[in-house]
Engineer: 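Below: one structure in structure tokens.
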Amino acid sequence: ALARDFLARHHCKTPYFLEITQEFLVYLEQERPPASSDFPFLLELAHYEWVELALSISEDSPDPAHFDAEAGLLDGVPVLSPLACPLAYRFPVHRIGPGFVPQEAPAEPSFLVVYRDAGDHVHFMAINPATARLLERVQEGGAMTGRELLLHMAKELAHPDPEQLLLAGAETLRDLQKRGILLGTRR
């Protein structure tokens with residue numbers, strides 16, 4: 001019924017089949033009044049699915065002229081892949097399926113990063129709030145080195161041992177680079 005209503009009411013601005021999912025999001029967000037039978041996570045799940053599709057077909061590719069994959073992430077300015085998308089949702093959309101249909105949002109939001117690796121496979125990774133904040137800061141595109149970002153986060157969190165956070169954060173940066181979420185450091 002939802003798909004029929006979308007097709008009947010929404011005037012698509014694109015003829016391209018792969019862009020229909022983005023049109024569906026516009027329909028859900030702006031045109032269709034919520035129904036009492038809707039799952040409470042409907043819009044978030046549709047967005048998550050759209051991100052997966054968008055990354056799988058994206059023609060973006062990392063430009064090696066803009067980053068150094070060999071430089072240390074603590075000493076340089078980390079670069080986020082154009083094929084990585086940090087996300088935050090009220091519902092754990094990555095777990096929703098026939099065996100898990102939550103009716104209420106948990107107390108804590110779900111933080112994810114959806115990314116396409118060098119082999120063109122799309123993955124998702126559940127991340128903690130600190131990693132989400134780190135990726136948010138990298139995505140903002142400032143000029144802070146990895147070390148400066150982590151020490152700034154230690155202040156934000158009022159962390160009792162900034163050096164411990166720096167060590168854990170350095171490992172997180174390396175893992176994010178290994179997965180292709182971070183590309184290296186800005187040239």
Side-chain angles (χ1 to χ4, degrees), residues 1-60 78 80-117 119-141 149 152-153 156-159 165 168-169 172-173 175-176 179-182:
L2 181 61
R4 271 189 245 107
D5 188 61
F6 166 68
L7 293 171
R9 292 183 184 211
H10 180 75
H11 177 71
C12 286
K13 301 200 179 0
T14 178
Y16 298 110
F17 180 76
L18 292 173
E19 294 176 7
I20 299 296
T21 55
Q22 192 168 12
E23 294 276 349
F24 185 67
L25 279 176
V26 170
Y27 161 78
L28 288 177
E29 288 178 315
Q30 300 173 10
E31 298 170 12
R32 179 183 175 269
S36 61
S37 59
D38 286 352
F39 291 116
F41 51 78
L42 177 65
L43 184 57
E44 289 186 345
L45 181 61
H47 182 267
Y48 173 69
E49 293 296 335
W50 169 77
V51 168
E52 282 190 281
L53 174 64
L55 285 175
S56 73
I57 64 171
S58 175
E59 294 181 12
D60 287 342
L80 184 68
S81 170
L83 300 171
C85 190
L87 303 165
Y89 295 112
R90 289 178 27 243
F91 285 88
V93 293
H94 60 296
R95 294 182 34 222
I96 292 174
F100 179 67
V101 183
Q103 294 304 310
E104 292 184 20
E108 299 297 319
S110 290
F111 297 100
L112 307 170
V113 60
V114 181
Y115 63 99
R116 191 170 89 195
D117 66 18
D120 288 332
H121 298 99
V122 175
H123 306 273
F124 78 89
M125 182 171 74
I127 55 177
N128 62 35
T131 302
R133 179 68 177 134
L134 176 63
L135 288 173
E136 179 183 17
R137 295 298 304 265
V138 171
Q139 192 172 31
E140 289 169 357
L149 285 169
H152 189 269
M153 284 180 55
E156 282 182 358
L157 298 169
H159 197 281
L165 188 133
T172 298
L173 288 170
D175 182 55
L176 293 171
R179 293 172 186 269
I181 296 165
L182 294 178

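Throughout, residue positions are numbered sequentially from 1 according to the sequence presented.
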Engineer: Do Glu44 and Tyr48 make a side-chain contact, defined as non-hydrogen atoms from C-beta onward lying under 4.5 Å apart?
Structural biologist: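 No, too far: nothing below the 4.5 Å cut-off.
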
Engineer: Is it the case that more than 12 heavy atoms not belonging to Glu104 sit under 6.0 Å from its CD atom?
Structural biologist: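 Atom CD in Glu104 is not crowded, with 12 or fewer foreign heavy atoms closer than 6.0 Å.
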
Engineer: Might you point out which heavy atoms bring Asp175 and Met125 nearest each other, and give the distance in Å?
Structural biologist: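 Reported closest heavy-atom pair: OD2-SD, 4.3 Å.
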
Engineer: Can you name the residues that form a ring pair (Phe, Tyr, Trp, His ring centres under 6.0 Å) with Phe124, not counting sequence neighbours?
Structural biologist: His94

Engineer: What is the distance from atom CG of Leu25 to atom CD of Gln30, rounded to the nearest 0.5 Å?
Structural biologist: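 Leu25 atom CG to Gln30 atom CD measures 10.0 Å (nearest 0.5 Å).
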
Engineer: Less than 4.5 Å apart, side chain to side chain, heavy atoms only: is that true for Phe111 and Thr131?
Structural biologist: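 Sidechains of Thr131 and Phe111: no contact.
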
Engineer: Please examine the side chains of Val51 and Leu112, heavy atoms only from C-beta on, and report whether any two atoms are closer than 4.5 Å.
Structural biologist: no

Engineer: If you round to the nearest 0.5 Å, how far is NE2 of His123 from CG of Leu55?
Structural biologist: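 If I round to the nearest 0.5 Å, the distance is 11.0 Å.
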
Engineer: For the side chain of His121 and the backbone of Gly119, is there at least one donor-acceptor N/O pair under 3.5 Å apart?
Structural biologist: yes

Engineer: Do Leu2 and Tyr27 come within less than 4.5 Å of each other through their side chains, counting heavy atoms only?
Structural biologist: yes

Engineer: Parallel under 30°, tilted from 30 to 60°, perpendicular over 60°: which one fits the rings of Trp50 and His47?
Structural biologist: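 The rings of Trp50 and His47 sit tilted, inter-plane angle from 30° to 60°.
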
Engineer: For the atom pair OG (Ser110) and CD1 (Ile127), what is the distance rounded to the nearest 0.5 Å?
Structural biologist: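 The distance works out to 10.5 Å.
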
Engineer: Residues two or more places apart in sequence or in another chain: which of them pass salt bridge (charged side-chain N to carboxylate O under 4.0 Å, His left out) with Asp38?
Structural biologist: Arg32

Engineer: Below 4.5 Å, heavy atoms only, C-beta onward: do Val138 and Pro86 meet side chain to side chain?
Structural biologist: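 No; the side chains remain at least 4.5 Å from each other.
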
Engineer: If you apply the rule side-chain contact (heavy atoms from CB on, under 4.5 Å), what do you find for Leu135 with Leu182, and how did you get there?
Structural biologist: CA-CA 9 Å; Leu135 288 173; Leu182 294 178; 4.2 Å; yes

Engineer: Run the salt-bridge test on Glu31 and Arg9 with the 4.0 Å N-O cut-off and return the result as yes or no.
Structural biologist: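 So Glu31 does not pair with Arg9 through a salt bridge.
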
Engineer: Would you give the length of the straight line joining atom CG of Leu176 to atom OG of Ser81, rounded to the nearest 0.5 angstrom?
Structural biologist: 11.5 Å

Engineer: Would you call Phe91 and Pro102 a side-chain contact if the rule is heavy atoms closer than 4.5 Å?
Structural biologist: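 SC-SC contact between Phe91 and Pro102 confirmed.
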
Engineer: What I'd like to find out is whether the side chain of Phe6 reaches to under 4.5 Å of the side chain of Cys12, using heavy atoms alone.
Structural biologist: yes

Engineer: When you compare the side chain of Leu173 with that of Leu134, does any pair of heavy atoms fall below 4.5 Å?
Structural biologist: yes

